[in-house]
Amino acid sequence: MSEGRARILVVDDEPGMVRTLRTNLRGHGFDVDTAENVRDAIAEYDRGRPDVVLLDLGLPDTDGLALIRTIRDRASTPILVVSARDDDRDKVSALDLGADDYLTKPFSVDELLARIRVALRHVARPASGTEAVFESGDLRVDFGRREVRVGSRAVRLTPTEYDLLKALISHPDRVMTFSLLLRQVWGPGYASEGHYLHVYVARLRKKLEDDPQAPRWIQSEPGVGYRFRAEGG
Amino acid sequence: MVTLFIGTVLDGAHFANAAMLYLVAVLASATAFGRGPAVVASIAAFGSFDWWFVEPLHQLTVADPKQYVSLLLFLLVAIVTSQLAAEQRSRTAQALEREREAVVLADIAVLTAAPDLGSSLDAAAARIQQELDVAAVGILLRGRPPVIAPFSADVERLFRGAAAAPANALSPSLAASATAPGRTGRWVRVVSPVPREERARRRLHSVAIDAGGASAGSLVVLRRAGAPAFRAPDDRLLSATAAQIGLAVDRARLRDEATEGEVSRRSDELKTALLGAVSHELRTPLASIMASAGSLRQRDVRWSDAEREEFHGSIEQEVRRLDRLVGELLDLSRIDAGHLVLRREYHPIDALILDVVGRLRAVTSAHELRVDVPDDLPPVSVDYLRIDQVLSNLIENAARYAPAGSLIEVSARAADGRLRIEVTDEGPGIAPGDRERVFAPFHRLPRGERAPTKGAGLGLAIARRLVEAHGGRIQVEPAPGRGARFVVTLPLDAAPVPG
């Protein structure tokens, strides 16, 4: 974003897809670089230093996961994974390796643009979650006082519920995998105890959401994790 | 004999020596002939000794009453030692019998442990037949063809009849003969009132085979005509063999079940993998279509005509790709379901090849295409459209993977009753490990540098099925230098092909 336009690296081996995305993203004011395999992607990354990487997991030379590892070794550039793979494990591996978000093919371009904007906001505001007070609609979390309110109603949370909410809020609009949340809230030994997480998320929703069945803030990403929608309110 | 020996060689031996020598003779006959002959020998020795060496000589009387004691002692010793020797003899015989049983059973166990039940049963039957020296041995198992050594149709009929009757209950006389050990055979003049087969049936002996707690069939033995009835050891051997065969049958059943489980697991895995690949292949063009269509609908950007044209073009191209994919999937499933009908007619193959090459001129425009087909090739019975499809696929692949400007050669030759068509390119070639895999559905090689589009990875899978339906073969061979060579071989004589 050094010249005012964000730069996006599109890594996909489908020429049709690359063409469409390039035209669309340029139309929306982005600079676009493209690569169709991991080797070229690394070269393009080093050359253009993109602000966001759009990565298809099924690449011809090596697995796209390898590219996530390489980029994470260098910088915290947001990586948006795009994949036609059906397997949730791929998404989870990508997110656990450090990808920021994922979209499953086919996706709507509007959704893609929204996710890119979220990723760019994080680039602009990297220290999110460290503010003393977080507000989203009528949800207000005062981290200094450990105080949570929905509208005028004070919400009493247990320490674990509070930690979970804090972990979610600290990565707004991004998917956090089950294992990442478990590790952050319960500790490294609990990465596979998914049922803890489900129970606590259900409790949080009950305390925060008007309709826990259709949550505004804490969204499920089936098979992958949870996403806190900052604009949920 | 002993008397003669003493008389001539020892020239009137001492009384005690003579007694000892008679005892040796008694022991020898006990060892050689057994218990009964040993008693007879003891009494004969007693008589001879009295006759020749006890006063008065040449009479069966005794002059000196003291010698009664010696004589009776001699008889006692002779009988006791002969009995001991005979006992020893019978134990030795038993031990030999058991050893033979053990050896035969060990052989049968080894033979029936082979993975292929059919051949292990053949070997076991042959071994039993040789060991018992019988006319024939049959292993008749439910749900399997009968195993008969040596095979003859008459014996098979006889055995099948025996297997139908309950085992060990063939006829009262047979049951009696089978359980009467030690009965020896005798020659009799037979003017039989019973027909030949009926007589043969009397020489049958059958033992039930149990596997996994249920009856699995029977082991049937046909004694030689005139051979003695079975003795107890033979019976025991047959029962033990039947038990071994039962175990082998059980083992084979378990193995089959395990194999079936494995096959079904693998087939499930394959189906899952295929489904995954199909969903990936369908989603990829759909994603491009959706992205392009979504772009066209967006109102926040004013797309130029060129940009709109690009989105439209992308949609059209991906729709065509989807259409082709669906067509190929249908082809593949039709062929795999056995619904492929070939419309075979005799066609000149040179015309067919030139036809395909002409049609694909646009695809191969960046390559140098050389066609080497003699015009005297015999006509081949093929489904024109299907072989056209196969060759088109091979040439398109060559164009897709080989660099621009390189040579693609299509040639055909007839030799040894076969037509051999080769499509050779100068592309990156196919690694030896991939030469079979390229024919698997959805297997795709890394794309060539200039390949404008990707195939779905179904073309070669379909090509292989089509060529095989013609009774031919398709395979990859290394091309001279780098590059790949696909070889299609078709039979020149139109053999009828199933399907």
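Since the structure is predicted, the reported quantities are computational estimates derived from the model, not experimental observations. Letters A, B, ... mirror the listed sequences (proteins, then strands); counts begin at 1. Quick note: numbers below take in every heavy atom, side chains included, and nothing from hydrogens, waters or symmetry partners.
Neither the backbone nor the side chain of A:L112 comes within contact range of chain B; no heavy atoms are under 4.5 Å apart.
Contact annotation: the side chain of A:M17 never approaches that of B:T284 to less than 4.5 Å [non-hydrogen atoms, C-beta and beyond].
Counting non-hydrogen atoms of other residues, nucleotides and ligands closer than 6.0 Å to CZ of A:R22 gives a total above 12. For CZ of B:R361, the number of neighbouring non-hydrogen atoms (other residues, nucleotides, ligands) closer than 6.0 Å is 12 at most. Within a 6.0 Å radius of CZ in B:R297, other residues, nucleotides and ligands contribute 12 heavy atoms or fewer. A 6.0 Å sphere centred on OH of B:Y384 holds more than 12 heavy atoms belonging to other residues, nucleotides or ligands.
If you tally non-hydrogen atom pairs under 4.5 Å between each of B:S304, B:A306, B:S292 and chain A, the highest count goes to B:S292. The most heavy-atom pairs under 4.5 Å with chain A, out of B:G313, B:P285, B:A291, B:G294, come from B:A291.
In plain terms, the two heavy atoms of A:A84 and B:H280 that are nearest each other are CB-CD2, 3.5 Å. Of all the heavy atoms in B:S295 and A:V109, the pair that sits closest is N-CG2, 3.6 Å. Contact record, A:G16 with B:S314: O-OG, 4.0 Å, taken as the closest heavy-atom pair. Across all non-hydrogen atoms, the minimal contact from A:R19 to B:Q317 is NH2-OE1, 3.3 Å.
A donor-acceptor pair shorter than 3.5 Å cannot be found between the side chains of B:S288 and A:T20.
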Between A:H28 and B:Q298, is the side chain to side chain contact (heavy atoms under 4.5 Å, CB included) condition met? List the steps.
CA-CA 10 Å; A:H28 283 90; B:Q298 282 174 329; 2.9 Å; yes
Would A:E14 and B:R321 count as a salt bridge (Lys or Arg N to Asp or Glu O under 4.0 Å) if you check the C-alpha gap in whole Å, the side-chain angles of each, and the deciding distance to 0.1 Å?
CA-CA 12 Å; A:E14 287 295 326; B:R321 176 169 159 193; 2.6 Å; yes
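A:T23 OG1 to B:E309 CD: the interatomic distance, rounded to the nearest 0.5 Å, is 11.5 Å.
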